[in-house]
Q: 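The following block contains the structure, expressed as structure tokens.
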2 protein chains.
Amino acid sequence: MIDLTKKLKYMVQKKEIIKKLRSTGLRPTKQRILIAQNLFDREKTFHFTVESLNKQINKKGKEKISLATVYNTVEAFTKAGHIKEILTSKSKSYFDTNIRSHHHFYDEDSKELTDINYNQVKLSKVPHPPKGKKIKNLEVVIRLQK
Amino acid sequence: MIDLTKKLKYMVQKKEIIKKLRSTGLRPTKQRILIAQNLFDREKTFHFTVESLNKQINKKGKEKISLATVYNTVEAFTKAGHIKEILTSKSKSYFDTNIRSHHHFYDEDSKELTDINYNQVKLSKVPHPPKGKKIKNLEVVIRLQK
DNA sequence: TTTGTAGTTTAGAATTATTATAAACTAGAT
DNA sequence: ATCTAGTTTATAATAATTCTAAACTACAAA
Ligand SMILES: [Mn+2]
Ligand SMILES: [Mn+2]
Ligand SMILES: [Zn+2]
Ligand SMILES: [Zn+2]
């Protein structure tokens, strides 16, 4: 039955999300589970801002989650490594459910972030970090204009 | 005379700065000239924030320039292409008097930006921009941690 | 040189993303 | 069932930046 498999899939996914939260010391609260479902139960990874996530979560008849909790949760998920913060825009932080190392286009007109396919960028030379410092990450941002 | 050459050099530099401002349609006001001297009459290029520039400008017995004017001037210089904005930090904008295409280390601990020598990074493959878009710039940021 | 005006400076108010506060609530251990 | 540390929430505070509108000034034209 189509409907049965849907329900089953939903329950399995929820279990997985609870496991994911627990694995990083985060209590699986109603709010965190709902946000995690929104972020992770998808085909494709995507980019978002706290504002866009908050709109997405708090639309329709769904039960509401406070903006403070959305901020708290996004911060907790970032610290836990479930999402990645992308510092590309002047005015607001973007986040990425794709936590693999990868690069971005940033469209200055539409303010949209797009992943660059990993094999589309090749760095044949990378500098050594200064003494006493380690490379935390390396990101290429290609800014686009019309 | 040491003192004479100094004074002469200063006058020549000031003339050059006035020319630079005029060349981009900016009136050479007292405030803009002073800020431009601070930014451009140096041996080396450097990175700054509006806050750090404002402190630098408004310290000592020097005549004061309002914070609004520092913001206005930095914006005007950026639009004119005399400086470059670097979007690397979450909370505040950095600016760069090095307007040549180059890459950066960003020290997450000290929040310090450092230029990466141009020949220290080699990109052997760069993606095509999406249809209808042009590449405005490409920047590599290497984030450092202890 | 004086005058007119568009461009600029300025203090202060407004905006906006984000963080802090502190009281109410809850997951989960005992 | 009880306890408590962790969490949520409304709301206030913060901080970088932008806006406003009045005063000022560079400079073109008379
Ligand atoms: Mn901010
Ligand atoms: Mn801001
Ligand atoms: Zn991405
Ligand atoms: Zn630089």
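Both backbone and side-chain heavy atoms feed into the values below; hydrogens, waters and symmetry mates do not. Chain identifiers are assigned alphabetically (A, B, ...) following the order of the sequence lines, protein sequences preceding nucleic acid strands; residue numbering begins at 1 within each chain.
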Q: A:N72 CG to D:dG6 P: how many Å, rounded?
A: 15 Å

Q: How close or far is atom P of C:dT26 from atom CD1 of A:I65, stated in whole angstroms?
A: 14 Å

Q: Without decimals, in angstroms, what is the distance between B:F77 CZ and C:dT8 P?
A: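 For the pair B:F77 CZ and C:dT8 P, the rounded distance is 11 Å.
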
Q: Name every residue in residues 47-57 of chain B that has at least one heavy atom under 4.0 Å from any atom of DNA chain C, in order of residue number, or write none if there are no such residues.
A: none

Q: Using atom CG of B:N58 as one end and atom P of C:dT10 as the other, report the distance to the nearest whole Å.
A: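 Answer to the nearest Å: 9 Å.
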
Q: Give a yes/no on whether any side-chain N or O of B:T69 is located under 4.0 angstrom from OP1 or OP2 of C:dT8.
A: no

Q: For D:dG6, does either OP1 or OP2 sit under 4.0 Å from a side-chain N or O belonging to A:R32?
A: no

Q: Thinking salt bridges, do A:K20 and A:E16 make one under a 4.0 Å N-O criterion?
A: no

Q: Within this structure, what is the CD1-to-C1' distance between A:I33 and D:dT7, rounded to whole angstrom?
A: 13 Å

Q: Return the value, rounded to whole Å, for the distance between atom NZ of A:K64 and atom P of D:dT9.
A: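 Computing the A:K64:NZ to D:dT9:P distance gives 12 Å.
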
Q: What parts of residues 18-29 of chain A reach DNA chain D, counting only heavy atoms under 4.0 Å away?
A: A:R27, A:T29

Q: Give me the ring orientation class for B:H103 and B:Y118: parallel if the planes are under 30° apart, tilted from 30 to 60°, perpendicular past 60°.
A: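 Because their plane-to-plane angle is under 30°, the rings of B:H103 and B:Y118 count as parallel.
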
Q: Which whole-number value in Å describes the distance from A:K92 NZ to D:dT17 C1'?
A: 15 Å

Q: Quick one: B:L34 CG to C:dT9 P, roughly how many Å, whole number?
A: 11 Å

Q: Would you say B:Q31 places a side-chain N or O within less than 4.0 Å of OP1 or OP2 belonging to D:dT25?
A: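 No, B:Q31 has no side-chain N/O under 4.0 Å of OP1/OP2 on D:dT25.
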
Q: Toward the 5' end of DNA chain C, which comes first, B:T73 or A:L67, by nearest nucleotide?
A: B:T73

